[in-house]
Amino acid sequence: MSSMTYSSPFPEDFVFGVAAASAQIEGAAFADGKGESIWDRFARKPGAVAHGDTLDVACDHYARFDEDFALLASLGIKNYRLSIAWPRIYPQGDGALNEAGLDFYRRLLQSLHRHGIKPWVTLFHWDLPQALEDRGGWPVRGTVDAFARYADTVVKALSPLVTDWITLNEIRCFTWLGYGAGTKAPGRRDSEAVVNQTYHHALLCHGEAVRAVREHGGAGARVGLTDNCDVCVPVTETEADIAACKAWFLERNAHLLGAIHGKGYPQDWLDRVGDAAPQVQPGDFDLISLPTDFLGLNIYTAHYVRAGKDGAAYEQLELPPNYPRADSPWLSWVPQSIYWAPKLCQELYGHTEIYITENGCGYNADTVVNGEVLDLHRRDFLRAYLRELHRAVADGVPLKGYFLWSFIDNFEWEDGYERRFGIVHCDYATQQRTPKLSARYYADVIRTRRIL
Ligand code: FCB
């Protein structure tokens with residue numbers, strides 16, 4: 001350790017990057033043949049999105065990607081996780097291909113390469129073509145067939161420019177929140193059986209994407225899922241509370257990570273859901289459990305769990321009202337989440353290569369004053385989580401990289417533009433970009449590979 005630094009470095013090959021997603025930053029929602037997505041439609045539903053914000057313009061990244069990548073490069077950022085908008089490629093979900101959509105992503109990926117930035121490409125980050133929703137959406141098995149075709153097309157066309165692929169982003173959010181809770185597009189409140197069917201179809205799409213990368217990705221192509229597993233941390237890091245965490249984690253993640261790992265739905269989950277179990281066809285799990293190269297985890301928060309009383313496997317604690325959180329109501333500060341989620345995935349399912357594909361915090365009113373945004377709250381959030389990440393690496397958890405959400409303030413789904421997650425400020429009236437203090441801080445962490 002040099003005399004000027006106070007922490008041990010991250011490994012030389014540890015990947016630091018930033019993340020964003022098509023629908024949240026691109027804008028150009030109806031340009032060059034793009035079809036309507038379920039989020040374009042949902043945003044127009046009265047009361048669905050804060051302030052009636054739409055995705056029509058967003059950060060205008062569609063027109064400004066080259067400048068945006070120059071800015072990333074100037075911050076020393078060499079890895080960027082992005083997603084492809086399915087409705088740009090197949091405006092009707094299947095049917096006619098829109099070559100202009102593929103050309104856009106070719107130009108974008110070429111620009112990334114020119115700026116020395118490696119792309120990590122997610123095939124689906126929630127922007128389902130509305131035409132598929134009109135035919136039933138995620139509850140319908142035909143959506144899986146349409147996705148398989150889309151995945152084949154994209155991987156074939158873009159594989160010369162991409163080696164690292166992510167199949168789907170956060171299955172829970174576009175299934176349960178979209179079809180059960182109704183807080184995300186398409187805003188439906190369907191039965192438990194319908195929601196369980198959407199999970200199953202999403203798992204099948206994950207498998208189709210793995211297959212597509214193996215068939216068309218070329219030599220060296222790699223693929224994995226990005227999951228937002230339900231996370232818990234032990235109240236105290238003792239054997240009893242950790243055992244309670246393991247029981248909680250297996251139960252809460254049974255239908256997604258558990259199903260992929262177990263090559264079938266765990267029996268205790270099937271017993272719990274009873275008649276609401278999804279319909280499974282022979283061979284489904286051969287596809288769903290195809291081997292992947294890595295697991296992506298989006299980690300923001302966690303529940304606190306301790307040893308159960310009177311023979312219960314665990315006890316989950318309620319957070320007190322004054323427990324610290326970001327402005328996003330769901331985002332309680334639990335830095336240990338980024339330690340325990342990958343550790344439990346290693347211990348319970350045997351994952352050997354894990355990336356944090358998102359982590360960050362959303363606040364309102366990050367304002368530019370004299371050309372600066374002093375987001376010390378975000379800097380503190382990052383530092384606290386990075387310390388736990390570093391501890392996990394030191395403890396032998398197979399963490400290979402970390403992507404900060406997000407590169408730039410953007411359309412935060414039902415919270416619209418009010419909620420800012422960026423390390424770069426976006427002035428939506430002028431499209432001016434201003435790196436915040438947190439961007440400078442993160443740039444220094446990347447440069448030195450140390451928590452500063
Ligand atoms: C995740 C989403 C991402 C972003 C962050 C804040 O759930 O994957 O698009 O909205 O939350």
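Start at 1 and go down the list; that is how both ligands and their atoms are numbered.
The six-membered or imidazole ring of Y402 lies away from that of F10, with a centre-to-centre distance of 6.0 Å or more. Aromatic ring centroids of W269 and H255 lie under 6.0 Å apart.
Taking the six-membered ring for Trp and thresholds of 30 and 60 degrees, F69 and F65 have ring planes inclined between 30 and 60 degrees apart.
The cationic atom of R81 (NZ for Lys, CZ for Arg) does not lie both less than 6.0 Å from the six-membered ring centre of F403 and within 45° of the ring axis.
Here the side chain of H216 pairs no donor or acceptor atom with the backbone of S159 at under 3.5 angstrom.
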N or O contacts of ligand 1 with protein under 3.5 Å, please list pair by pair.
| unit_1 | atom_1 | unit_2 | atom_2 | d |
| --- | --- | --- | --- | --- |
| ligand 1 | 7 (O) | E170 | OE1 | 2.6 |
| ligand 1 | 7 (O) | E170 | OE2 | 3.0 |
| ligand 1 | 8 (O) | H125 | NE2 | 3.3 |
| ligand 1 | 8 (O) | N169 | ND2 | 2.9 |
| ligand 1 | 8 (O) | E170 | OE2 | 3.4 |
| ligand 1 | 8 (O) | E358 | OE1 | 3.1 |
| ligand 1 | 8 (O) | E358 | OE2 | 3.0 |
| ligand 1 | 9 (O) | Q24 | OE1 | 2.8 |
| ligand 1 | 9 (O) | H125 | NE2 | 2.8 |
| ligand 1 | 9 (O) | W413 | NE1 | 3.0 |
| ligand 1 | 10 (O) | Q24 | NE2 | 3.3 |
| ligand 1 | 10 (O) | E412 | OE1 | 2.6 |
| ligand 1 | 10 (O) | E412 | OE2 | 3.4 |
| ligand 1 | 10 (O) | W413 | NE1 | 2.8 |

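Annotation: side chain of H61 is in contact with side chain of L108 (closest heavy-atom distance under 4.5 Å).
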